[in-house]
2 protein chains.
Amino acid sequence: MNTPPSGAPRRATISDVAREAGTGKTSISRYLNGELSVLSPQLRARIEAAIERLDYQPNQMARGLKRGRNRLIGMLVADLTNPYSVEVLQGVEAACHALGYMPLICHAANEVDMERRFLQLLTTYRVEGVIVNALGVSEETLRPVGEGGIPAVLVDRSVEGLVTDMVGLDNQGATTLATRHLVERGFDKLWFVVQPFEHISSRRQREAAFHQALEQYPQVSGRTVVLELGDADELAQTLSALDAELDAAIAPHEQDAGARVALFAANGLVALALARHLNQRHGADWQKRVALLSIDDPEWAELAGITTIRQPTYDIGYRAVEFLHQRIDGEQTSARDCVLPGELIERASTAR
Amino acid sequence: MNTPPSGAPRRATISDVAREAGTGKTSISRYLNGELSVLSPQLRARIEAAIERLDYQPNQMARGLKRGRNRLIGMLVADLTNPYSVEVLQGVEAACHALGYMPLICHAANEVDMERRFLQLLTTYRVEGVIVNALGVSEETLRPVGEGGIPAVLVDRSVEGLVTDMVGLDNQGATTLATRHLVERGFDKLWFVVQPFEHISSRRQREAAFHQALEQYPQVSGRTVVLELGDADELAQTLSALDAELDAAIAPHEQDAGARVALFAANGLVALALARHLNQRHGADWQKRVALLSIDDPEWAELAGITTIRQPTYDIGYRAVEFLHQRIDGEQTSARDCVLPGELIERASTAR
DNA sequence: CTGTTAGCGCCTTCAC
DNA sequence: GTGAAGGCGCTAACAG
């Protein structure tokens, strides 16, 4: 039993307006679609008055049904609590505004079945395209999208088996930039700290670029440390092991002599976890004891005084929509990658 | 000229499925709506097969048009960069999920005309209700909403002239709690720092409660400081004036004697601005020199070691949707206020 | 149990 | 210039 919502009053329809203006629906439709030149000034005035009187607002759903397009695009975000996502979103919104789209924002909250359900939902609402910041577990959940499905463009990470546009950070360049910075600042033991999501392409690319960059500096050693942020126990365990190593690496030399260790966080979430821990262990001025650099430049980074690589988040979002727009219009068929450069923001934590 | 998007292929319709299954549209519709008991097993099997073969997905727009309701609700957020909003959003999403709604998230980005445009847009998409975290400039821009318009419930702040449900923090209780905490910790000079938005009800309530709470403690002095976050110059100026006063207040006595000043930030954004400045001026261990307490408990608060009042953000969002749901069903007509308690999280910055 | 029919609100030929 | 008629994809009475 499906009764219309009783909360809101019934809205005026195009027929109501036509009757009120003493004309046919066609003229109203023409008025709405800006075909003003075809209407006599008098009729036009009557229509305007009727619309005003009835507080008429055309029903987008009905228009969409008829036209076959509704100007809706979906924006599927893996994790809104990540400042990166919110920043990208701002670019997306700006571009949508400029191109006349309405973005439907869907938040998967890091849950794979949420991601699938939202994709399904967006499909049934017949959005014209989707921008996907995927969890990236597998292309299977992304089946409704891409070739043969809804036009899509990926943000930050690609998904295996899904060939379509992708826009994100130049991971290779950014990681190289950061690594070189650390080496130049005299650190000779670099620990690249990542989350255990090997299926996320950006995560993999950054790690690979890190090790590749190090090949240039034989005197510098580097290793990867995996941090499981989801599991508190495991996290604590890894962190204390890391503490021990850090102490051992630093101890024999004191201050400016010997091995100088730097932590390189693969993203802002990792950096926050590290910062929290270090802050707790060494006190508020931990940055002076332990060097930390991070990809992503969240608000607290300045507060904590850590060096970062800032991503061109706004541009990433904006470009993603532009790409999608072209796909929707069928102007684009082959898959493109768009990688944008990051910017190094140097702060106290790596100034030695 | 409105051509359908050329990017995506045409999707199967209910008629296609009917033809494929060798039956009428009605049976398909019945199947879709779960009236399974009315279908013979054979027909049902044929329908299932046809749907599978055609990868059919019912068009929600068309269903909505016919039924008069589309299960869409709008969520208008004033500022997504405020962690508070994202947290509330998570509650909203959970409740929507539970009640079968799809939230359309709209981000006004602190711009009044964005707010108006989104409200207009939500109206034309015939959402069944809206949850509004308003900029709150005036009820005028919120006209399409509330009495006579779309069912609405307000979050965090009420809007003058708009009588409808409102759910948010118990500002009175939270502010009193915080004030008492500061007094008990021995601070006798409290500065309540706010943004200059006097039209935002929560901002006003907090300030009023602060001064009211202080009446209980004649030995403690309190004043309001207004911080203009938007204007860098003005901000810098206010902050340096504040520095001077802070120095003067603390100077004559040293450490634990005499006047002890505490900063009370009315929200997380103010706290961040203060923290940034203090950090810059006094170094990473500024918390030991200047006491700071904030309403809102953003992620960096722990890092900075500041005492906070954590809002029940998730519950606020969840309750808001429940209220809205009742309104949509017409079960509720009078306006209700729902205020939820905050929780004091004590950290280093006020431990003396 | 199943199919036919008439719209939901709007746009779009096609006539007048 | 203007309007009537048909249909977008779906649901909801009605019949059978």
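Throughout, protein chains are lettered first and strands after them, A, B, ... in sequence-line order, and every chain is numbered starting at 1. Please read all numbers here as calculations on a predicted model, not as lab measurements.
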Q.
Strictly by salt bridge (charged side-chain N to carboxylate O under 4.0 Å, His left out), give each pair with a member in residues 17-27 of chain A just once, sequence neighbours left out.
A. D16(A)-R19(A), E20(A)-R53(A)

Q.
Is the phosphate of dT11(D) approached by S29(B) (side-chain N or O, under 4.0 Å from OP1 or OP2)?
A. yes

Q.
Restricting to non-hydrogen atoms, name the atom on S202(B) and the atom on D156(B) that form the minimum distance, rounded to 0.1 Å.
A. OG-OD2, 3.2 Å

Q. What bend angle does the helix from dC1(C)-dG16(D) to dC16(C)-dG1(D) show across its length, from five-pair end axes and to the nearest 10 degrees?
A. 40°

Q. Which residue pairs pass the ring pair (Phe, Tyr, Trp, His ring centres under 6.0 Å) test when at least one of the two sits in residues 45-99 of chain B, sequence neighbours left out?
A. none

Q. Y101(A): what forms a ring-ring contact (aromatic ring centres under 6.0 Å, His included) with it, not counting sequence neighbours?
A. H325(A)

Q | Whole-Å gap separating C1' (dC11(C)) and CD (E35(A)) | A | 10 Å

**Q.** Pairs satisfying side chain to side chain donor-acceptor pair (under 3.5 Å), at least one member in residues 123-137 of chain B, at least two apart
**A.** R69(B)-E128(B)

Q | Any N33(A) side-chain nitrogen or oxygen under 4.0 Å from OP1 or OP2 of dC11(C) | A | yes

Q.
Distance check needed: dG9(D) P versus R69(A) CZ, whole Å only.
A. 16 Å

Q: Report the residues that fulfil salt bridge (Lys or Arg N to Asp or Glu O under 4.0 Å) with D165(B), sequence neighbours left out, ordered by chain and then residue number.
A: R327(B), R336(B)

Q. Which atom names give the shortest non-hydrogen contact between E115(B) and L76(B), and what distance separates them?
A. CG-CD2, 3.8 Å

**Q.** Residues which pass ring-ring contact (aromatic ring centres under 6.0 Å, His included) with H107(A), listed by chain and number, not counting sequence neighbours
**A.** none

Q) Whole-Å distance between dG9(C) C1' and E20(A) CD? A) 18 Å

(Q) I'd like to know if the side chain of N59(A) and the backbone of M61(A) have a donor-acceptor N/O pair within less than 3.5 Å. (A) yes

Q) Under 4.0 Å: is that the gap between some side-chain N or O of Y31(A) and OP1 or OP2 of dT2(D)? A) no

Q: Please report, rounded to the nearest Å, how far the P atom of dC10(D) is from the OH atom of Y125(A).
A: 14 Å

Q: Grab the CD-C1' distance between Q60(B) and dC10(D) for me, whole Å please.
A: 11 Å

Dump every N/O contact between nucleotides 4-8 of chain C and the protein below 3.5 Å, one line per pair.
from	atom 1	to	atom 2	distance (Å)
dT4(C)	O4	T26(B)	OG1	2.6
dG7(C)	N2	K66(B)	NZ	2.8
dG7(C)	N3	K66(B)	NZ	3.0
dC8(C)	O2	K66(B)	N	3.4

Q.
What is the separation between atom CG on L32(B) and atom P on dC10(D), rounded to the nearest whole Å?
A. 8 Å

Q.
Nearest whole Å is fine: how far is dG9(D) C1' from Q57(B) CD?
A. 14 Å

Q | Between dC8(D) (C1') and N59(B) (CG): distance, integer Å | A | 9 Å

(Q) Please enumerate all residues that pass side chain to side chain donor-acceptor pair (under 3.5 Å) together with T333(A), with sequence neighbours excluded. (A) none

**Q.** Contact list for DNA chain C against residues 36-47 of chain B - heavy-atom distance below 4.0 Å
**A.** V38(B), L39(B), S40(B), L43(B)

(Q) Applying side chain to side chain donor-acceptor pair (under 3.5 Å), can you list everything that pairs with T313(B), at least two apart in sequence or on another chain? (A) E87(B)

Q) Using a cut-off of 4.0 Å on non-hydrogen atoms, how would the nucleic acid contact of S15(A) be classed: base, sugar-phosphate, or nothing? A) nothing

Q.
Holding to side chain to side chain donor-acceptor pair (under 3.5 Å), I want the full list of residues that pass it with R63(A), two or more places apart in sequence or in another chain.
A. N33(A)

